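Worksheet: one structure, shown below.
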Amino acid sequence: VQKMSFREFGKNVRAMVEDFDNIPLKDMPRKPRVGVVGEILVKFHPDANNQLVSVIEQEGGEAVVPDFMDFVLYCFLDDVQQHKILAGSLKDSITSNMLIGLIEWFRSVMRKAYKKSKRFDSFENIWHTSKLVDGLVSHGNQTGEGWLLPAEMVELIENGAPNIVLVQPFACLPNHITGKGVMKELKRRYANANIVAVDYDPGATEVNQLNRIKLMMSVAFQNMKKEQETVSVK
């Protein structure tokens, strides 16, 4: 960051991926992958979600939290879509498109490094992510996490993390509409989708939160066992 060098950035990214690729691994079965999506603060702040990532790991799962930069890019892309389908400014659309291009230029180095990796999965750009909700919700849903929320759920399901915890503050309207509102359709489209919505609020009991997560994890292990049995039969 201090040098502001694209070349140095690429060199550091490749070195980090290579270092993690060469860390010795224990010989143990893969754990169920559990995605964490929802309201931006509750999703990322451990104090806001009662250490959710640790809870998932203690229950035998592998937590998968989408990239924070996706939210930043979603905010920029909203300007582009507002001009396209609503009454947004052309100037804002052009400016945001340029910023998206700049950020995605840096992220392209990461994608290439991940694709060459023997352990890591790569990720798509924000334009591809936005298309995942076509026919599911409108890109006009831009309040809070808007269309990004169901897009992240689709991306997780399609990339091997069908178990999802949808976190939200109590009575968070955008999440109820674009998060809980698409759960039924996602379960219809993806038979292996295992999604649970959990409210995080001072009035919500931790016991209730844990019980819902434990139930989701129980289903995750059952689904994983069925998949393994199916593969062994084939």
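Please read these numbers as outputs of a predicted model, since none were measured by experiment.
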Legend entry - Separation of Tyr190 OH from Glu185 CD (nearest 0.5 Å): 9.5 Å
Inset, instruction - Examine the side chains of Asn192 and Asn223 and answer whether a donor and an acceptor come within less than 3.5 Å of each other. - result: no
Inset, instruction - Taking all non-hydrogen atoms of both residues into account, name the closest pair between Arg14 and Ala113 and its distance. - result: CG-CB, 4.3 Å
Legend entry - Residue pair Asn175 / Leu166, side-chain heavy-atom distance below 4.5 Å: yes
Legend entry - Within-4.5 Å side-chain heavy-atom neighbours: Val37 and Leu156: yes
Legend entry - Within-4.5 Å side-chain heavy-atom neighbours: His139 and Val133: yes
Inset, instruction - Please report the shortest heavy-atom distance between His176 and Gln168, naming the atom on each side. - result: CE1-NE2, 3.7 Å
Inset, instruction - State yes or no: do Val207 and Tyr200 share one hydrophobic cluster built from I, L, V, M, F, W and Y residues joined by side-chain heavy-atom distances below 4.5 Å, directly or via other members? - result: no
Legend entry - From Lys43 atom NZ to Glu152 atom CD, the distance as rounded to the nearest 0.5 Å: 3.5 Å
Legend entry - For the student: nearest non-hydrogen atoms of Gly35 and Ala161, plus distance: N-CB, 4.4 Å
Legend entry - Closest contact, heavy atoms only, Val182 versus Thr178: CG2-O, 3.6 Å
Inset, instruction - Identify whether Phe106 and Ile126 are in the same connected component of the hydrophobic contact network (ILVMFWY, side-chain heavy atoms under 4.5 Å). - result: no
Inset, instruction - Answer yes or no: does atom NZ of Lys187 have more than 12 heavy-atom neighbours from other residues, nucleotides or ligands under 6.0 Å? - result: yes
Inset, instruction - Taking the side chain as every heavy atom from C-beta outward, state whether Glu62 and Val34 have any atom pair closer than 4.5 Å. - result: no
Inset, instruction - Keeping the roles fixed (side chain from Ser130, backbone from Trp127), state whether a donor-acceptor pair exists under 3.5 Å. - result: yes
Inset, instruction - Could you grab the distance from atom CD of Gln142 to atom CD of Gln82, nearest 0.5 Å is fine? - result: 4.5 Å
Inset, instruction - State the NE2-CZ distance between His128 and Phe123, to the nearest 0.5 angstrom. - result: 13.0 Å
Inset, instruction - Verify, without hydrogens or angle tests, whether Gln209 (side chain) and Asp199 (backbone) share a donor-acceptor contact under 3.5 angstrom. - result: yes
Inset, instruction - Would you check if the side chain of Glu145 reaches a backbone N or O of Ile40 as a donor-acceptor pair within less than 3.5 Å? - result: yes
Legend entry - Closest heavy-atom pair and its distance - Met110, Val13: CA-CG1, 4.0 Å
Legend entry - Within-4.5 Å side-chain heavy-atom neighbours: Asn194 and Ile164: no
Inset, instruction - Say whether, by atom type as modelled, one donor and one acceptor occur between the side chain of Asn141 and the main chain of Ser138 under 3.5 angstrom. - result: yes
Legend entry - Test item: Ser93 side-chain N/O and Ser89 main-chain N/O as donor-acceptor pair under 3.5 Å: no
Legend entry - Basic-acidic side-chain contact under 4.0 Å: Arg33, Asp121: yes
Inset, instruction - Verify, without hydrogens or angle tests, whether Thr129 (side chain) and Asn125 (backbone) share a donor-acceptor contact under 3.5 angstrom. - result: yes
Legend entry - Shortest non-hydrogen contact from Trp147 toward Asp78: NE1-OD1, 3.1 Å
Legend entry - Spatial distance of atom NZ (Lys31) from atom CD1 (Ile56) [nearest 0.5 Å]: 12.0 Å
Legend entry - Cluster overlap Leu102 with Met98, hydrophobic side-chain contacts below 4.5 Å: no
Legend entry - Separation between CG of Leu136 and CG of Leu186, rounded to the nearest 0.5 Å: 5.5 Å
Inset, instruction - Take Val80 and Lys84, measure what side-chain contact (heavy atoms from CB on, under 4.5 Å) needs, and give me the verdict at the end. - result: CA-CA 6 Å; Val80 179; Lys84 184 178 179 180; 5.6 Å; no
Legend entry - Same cluster (ILVMFWY, side-chain, under 4.5 Å), Trp105 and Leu73: no
Inset, instruction - Please lay out, stage by stage, how Phe120 and Asp21 fare under the test side-chain contact (heavy atoms from CB on, under 4.5 Å). - result: CA-CA 8 Å; Phe120 292 98; Asp21 263 347; 3.9 Å; yes
Legend entry - Glu39 side-chain N/O to Val42 backbone N/O, donor-acceptor pair under 3.5 Å: yes
Inset, instruction - Find out whether Leu77 and Ile100 are in side-chain contact, i.e. whether some heavy atom of one side chain is under 4.5 Å from a heavy atom of the other. - result: yes
Inset, instruction - Check whether any side-chain heavy atom of Met217 lies under 4.5 Å from a side-chain heavy atom of Asn163, and answer yes or no. - result: no
Legend entry - Side-chain donor/acceptor of Ser96 to backbone N/O of Asp79, under 3.5 Å: no
Inset, instruction - Could you tell me whether a side-chain N or O of Asn49 sits under 3.5 Å from a main-chain N or O of Gln51, the two making a donor and an acceptor? - result: yes
Inset, instruction - Flag the pair Glu104 and Arg111 as a salt bridge only when some basic side-chain nitrogen lies within less than 4.0 angstrom of an acidic carboxylate oxygen. - result: yes
Legend entry - Test applied, side chain to side chain contact (heavy atoms under 4.5 Å, CB included); reference residue, Phe76; option that passes from Asp92, Asn97, Ile103: Ile103
Legend entry - Connected via hydrophobic side-chain network under 4.5 Å: Val72 and Leu132: yes
Legend entry - Beyond-backbone contact of Ile177 with Val137, side-chain heavy atoms, under 4.5 angstrom: no
Inset, instruction - Determine yes or no for a side-chain-to-main-chain donor-acceptor pair under 3.5 angstrom, with Arg119 supplying the side chain and Ile23 the backbone. - result: yes
Inset, instruction - I would like to know whether Arg107 and Asp70 meet salt bridge (charged side-chain N to carboxylate O under 4.0 Å, His left out); could you show each step before the answer? - result: CA-CA 11 Å; Arg107 296 219 305 174; Asp70 284 338; 3.1 Å; yes
